Amino acid sequence: MKSFGYFPFCFLYLIGISDTVMVPLNTGLSFDSGVLYEYEYSTSVVVAPISVDFREVTEFTILAVIHIHSLWRNGQQEQLLHLKIQDIKLTPNSSDSTSKPLVFGDMESGTEHFKDPFLVHIHSGKIKGIFEVPSDNTVSLNFKKGLALLLQIQAQSGIILEDDITGQCQVSYHMTGNEIIKVKHHEDCEKGMADDMMFANQFFRVSSGGRSETIFTMDANHIKSVDSEELRSLFLDEHPTVGIHISSRQFLQLLSTQSGPSESQGELLDVLSSLRAAHVNHTVHARPAVRQPVTNRYTVHKVLDRLKAKGLHTQSQTVNIFLQLSESLRNLEMDEILNIFKKAPANIVPSLIDAAAAASTPASLEALVSFLNITNPKTSPLLEKFLYACAFSSQPSTHLINIITRILTHTSAQWETHEMALIVLGTVIRKMCSVNMCHLQEVDQAKRFIVNGLSASSEERKIKSYLLALKGARLPETVPVLLQYIDRSKSLSSIVFSALQGFPPQYITKEVKEYARDIFTQRKKPFPASVRLDAAQLLLMYHPLDVDVREIILKIAEEKNEVSKFLTSKIMSMLHSDSPARNVIRNVLKDPKLNNYFHLARLGCSSSYAGLMAENKDTVASYDFEFLFSEAGILKQSNSHFYAQTRGRRLHLLQVSLETSGLDSLFGSEASKGAEEEELMAGMSAMFLGVQIQPVVFFQGYADLMSKYFSAGDGPMNIISGNILVLNNRQSLMLQSGLQAQGVFHGGLSVDVSANLEFSLFTQESKSSVNNKFSLVISAKAEVDSALMSTTAETVVKMDPSVRFVTTVSFYNTPVQYCLQLIKEPLLYRERASTQVNFQNRQKLVQQSKRKWIISGEEATLHKDNSKMCRNLLNSI
């Protein structure tokens, strides 16, 4: 098979020029009257994983003889051609002379449709219609359209819009000697077939691309040969080596000419009506083939039986089971799913909940609600697991919103479960709005439910819950509502500012910035340091003004050490990044009255800095850390953000916020004397893949601290665990030959995030640890099938990343020392690639390859000051 990579590219300047004018083209192509043209035709297809060399993969080839003669003409520019396909054969490899072709006549029934003659109406080189004897065989009709389109040709150089089997496309023609070259990029087409299933709220995204080149070799005005090659690709944006290439080739070669039937006279409609059999007129656009429902290789009962027998020993096994269950449950009715839940052992129920929520059909959701019995407070743990699964759903729906609303209005669970349902409702609203479903009645009612609940609440913990829901919803119309709570209390202000930082810049209005200025400058009343710093960051993040940057730098000299050190570190970090504030800061610092040691050389432990964790040609992983210490050297607040950027899309993977208060008094520090008395507390808040996780309180009050201090053997606190469907993408691709390809991408992520906070009153040391364990399984599969054969390729990738985020603080001596560690555990990467060709279930060719390697673990190198302090601190322990 000729490699796609050998295409000539000398004419590519004709493609993609935005100011190119479409030119009307004509053709001198014609088939002479009374002449029968005999052509040899072949079409071949190779489907292979992107990571596999095409030359190592078995292809299938369809061979045939085509007879063409002119049935009617109107001048030189309009003809009705009669085409008949004969001597069809199928071979697994056209280049292998030892391969024995399979003759269609010897094969199963249903192939006779390919041999039925059909008519092609051509006008000025464009196909206006294809006439076929009425048939319900879509596969043969598309095949004939693909063959007929080899006759669509223009005999002048230029760019033109053409209708073909994939839709209306912009194609270029280039003349060179006796050859005409036609090139098409599939991204320049208006698709004739819609994608089967693509969800906008998925973590991973699938892209498709394609290009075809057709070379016509002419003999005067006659086609001597046509060689058309096409490459189509489906691949993962975040990891382009995970995907499928589909390469196809059509070849038409003139064998001979001989005397043939004479042309009919009269009008076209009269000629058509005079034919023995009635013909139906079809456009050249492909008609989607009705695919037979695929028998699921997984059944819920088989999966559960295997699970009971072997159990689950690794996170990868958990993800595989989750994907199999979610795929199976999608096809079952509510009663069937409910019965499975009732019979399942208790230890398997959590996995079933994740799978049923991922299936996200009305049947699976209703079965879950019925099984959980939302009015029974004893089911709160399972109900909370279900709610988190809904928050990560890539298929938001009005049905899902109605179920969460029912939980909120009918459950008698504890307030913590109620709070979680509110947060999840906000997340689902945001996802619905992101796919243009914000106008639906159910979504509007859910918005009002949150806003009305907030206005009716007077207790701070309830207000906090509703604000978290609005933070998750991220609705522009709720910005004025959020501003009403921006200066209520420290905890409420923090939520409001974190919510505002999630909005696009156009929603951070002058009014919002004025609120932030009042808080930072304390014009009306005093505010805690952390709240003022949130206000300063908002002013710096969104189209900062010179006056705001100057005000912040001027204030640095007036602040206490840790606040001034944090602000200095933040400004310098933004100055050396790609932040929109960089140019404004640089311009302000041209003033020597501001850019000097008095303002910018501050002492303290607080810091803010950003950097890279990993980088390759496809993805960049970065972090952003912020630490605020009290004047006594106790860690008061830390924010850790982790991002991934790929193909112009920046993904907020994880945010972890740790907050403490009142700890200064525990150690009798001189710096703590005279400070405002705060309640003793330590807690954590997190966001994972854009979903707000319910805040966790490690301890609140002295008694609670002592209780947990003496029972420290309980181990880390679970933040979130479960399975998430991160990729579910199905789409059809119509090839130039008329064969249809089906691509399926499926991916699951197992998550286990836990946190631990330890205090030693004896050594005067604290240590917080956030442990993130994941397991990711992604499969990419594509199949080209027809009544005659099928060829399939699949890639499966598995990996189990694990990252620990450890903060150690020692306040035994002054100045306080702290060490931040980002530890990446060794990663085992596994990949399996396979291809398979089936011929009417009589012949099966399978090729498979596997590879794996270990990516060694490491501790990420962060800020140089952090590295220095880690060496001093850890060596002394």
Side-chain angles (χ1 to χ4, degrees), residues 471 474 476 479-480 482-488 490 492-602 604 606-610 624-628 636-637 639 641 657:
K471 175 185 175 181
R474 209 178 297 163
V479 170
L482 291 168
L483 292 178
Q484 296 175 25
Y485 299 87
I486 199 169
D487 57 359
R488 291 283 186 91
K490 178 183 174 182
L492 296 183
S493 296
S494 296
I495 295 174
V496 171
F497 275 113
S498 65
L500 292 173
Q501 289 176 12
F503 284 98
Q506 63 266 33
Y507 299 114
I508 306 303
T509 62
K510 292 181 179 179
E511 181 187 12
V512 175
K513 289 189 175 183
E514 194 58 38
Y515 271 95
R517 290 187 191 103
D518 288 344
I519 290 174
F520 177 68
T521 59
Q522 305 186 96
R523 291 173 186 167
K524 297 179 180 179
K525 64 178 183 179
F527 290 92
S530 59
V531 175
R532 293 180 58 231
L533 292 177
D534 285 340
Q537 291 196 74
L538 189 74
L539 293 171
L540 291 171
M541 283 176 59
Y542 294 94
H543 300 304
L545 302 175
D546 282 32
V547 64
D548 289 325
V549 176
R550 292 180 67 88
E551 180 72 23
I552 291 171
I553 295 177
L554 285 170
K555 283 286 184 183
I556 287 176
E558 303 174 12
E559 303 292 344
K560 293 182 179 180
N561 286 346
E562 292 301 333
V563 173
S564 63
K565 174 64 175 177
F566 181 89
L567 287 173
T568 302
S569 180
K570 186 70 179 179
I571 287 173
M572 299 310 293
S573 176
M574 298 179 82
L575 182 63
H576 295 97
S577 70
D578 58 355
S579 166
R582 179 178 56 182
N583 292 333
V584 179
I585 294 172
R586 182 181 290 115
N587 185 58
V588 170
L589 290 180
K590 291 178 180 178
D591 184 353
K593 294 179 181 179
L594 299 176
N595 189 5
N596 53 55
Y597 284 104
F598 179 70
H599 286 99
L600 300 179
R602 314 305 297 183
S606 301
S607 63
S608 173
Y609 55 89
D624 190 344
F625 295 145
E626 299 171 354
F627 297 93
L628 176 64
K636 291 185 66 65
Q637 187 172 306
N639 285 299
H641 301 262
S657 299

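Remember, it's a predicted structure, so these values are computed and weren't measured experimentally. Quick note: numbers below take in every heavy atom, side chains included, and nothing from hydrogens, waters or symmetry partners.
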Would you please test Asn639 and Gln537 for side chain to side chain contact (heavy atoms under 4.5 Å, CB included) and show each step? CA-CA 13 Å; Asn639 285 299; Gln537 291 196 74; 5.7 Å; no

So which atom in Met574 and which in Leu540 form the shortest heavy-atom distance, rounded to 0.1 Å? CE-O, 3.5 Å

With a 4.5 Å limit on heavy-atom distance, are the side chains of Glu559 and Arg532 in contact? yes

When you measure from the side chain of Gln637 to the backbone of Ser657, do you find a donor-acceptor pair of N or O atoms at a distance under 3.5 Å? no

Any Ser493 side-chain heavy atom under 4.5 Å of Asp534 side chain: no

Verify side chain to side chain contact (heavy atoms under 4.5 Å, CB included) between Phe520 and Asp548, making sure each step is shown before the conclusion. CA-CA 10 Å; Phe520 177 68; Asp548 289 325; over 6 Å; no

side-chain contact (heavy atoms from CB on, under 4.5 Å) partner of Asp591, the single match among Leu594, Asn595, Leu589: Leu594

Check: Asn583 and Arg586 side chains under 4.5 Å, non-hydrogen atoms: yes

Closest heavy-atom contact between Val584 and Val549? CG1-CG2, 3.8 Å

Stepwise side chain to side chain contact (heavy atoms under 4.5 Å, CB included) check, Asp518 with Asp487: CA-CA 10 Å; Asp518 288 344; Asp487 57 359; over 6 Å; no

Contact check, side chains of Tyr542 and Gln501, non-hydrogen atoms, under 4.5 Å: yes

Identify the two heavy atoms, one from Pro476 and one from Pro480, that lie closest to each other, and give their separation to 0.1 Å. O-CD, 4.2 Å

Can you name the side chain to side chain contact (heavy atoms under 4.5 Å, CB included) partners of Ala529, sequence neighbours left out? Val563

Once you measure the plane-to-plane angle for Tyr609 and Phe625, does it fall in the parallel (<30°), tilted (30-60°) or perpendicular (>60°) bin? perpendicular

Supply the atom-to-atom distance Leu539 CG to Glu514 CD, rounded to the nearest 0.5 angstrom. 9.5 Å

Hey, are the side chains of Ile571 and Ile556 touching, using non-hydrogen atoms and a 4.5 Å cut-off? yes

Leu554 CG to Lys593 NZ distance, which is reported to the nearest 0.5 Å: 10.5 Å

For residues Val588 and Asp546, report the shortest heavy-atom separation together with the two atoms involved. CG2-O, 4.0 Å

Nearest-0.5 Å distance that lies between atom CD1 in Ile508 and atom NZ in Lys513: 8.5 Å

Just so I know, are the side chains of Arg474 and Tyr507 near enough to count as touching, which here means a heavy-atom distance under 4.5 Å? no

Roughly how far apart are Ser577 OG and Leu575 CG, rounded to 0.5 Å? 8.0 Å

Once you round to the nearest 0.5 Å, how far does NZ of Lys570 lie from CD of Glu626? 4.0 Å

In terms of heavy-atom contacts, Phe566 and Ser606 come closest through CB-CB, 3.8 Å

Does NZ belonging to Lys510 count more than 12 external heavy atoms closer than 6.0 Å? no

Which atom names give the shortest non-hydrogen contact between Ser608 and Ser573, and what distance separates them? O-CB, 3.5 Å

Rounded to the nearest 0.5 Å, how far does CD1 of Ile486 lie from CD1 of Ile519? 4.0 Å

Determine whether Ile495 and Leu482 make a side-chain contact, defined as any pair of heavy atoms from C-beta on separated by less than 4.5 Å. no

Under 4.0 Å between a side-chain nitrogen and a carboxylate oxygen: does that hold for Glu562 and Lys565? no

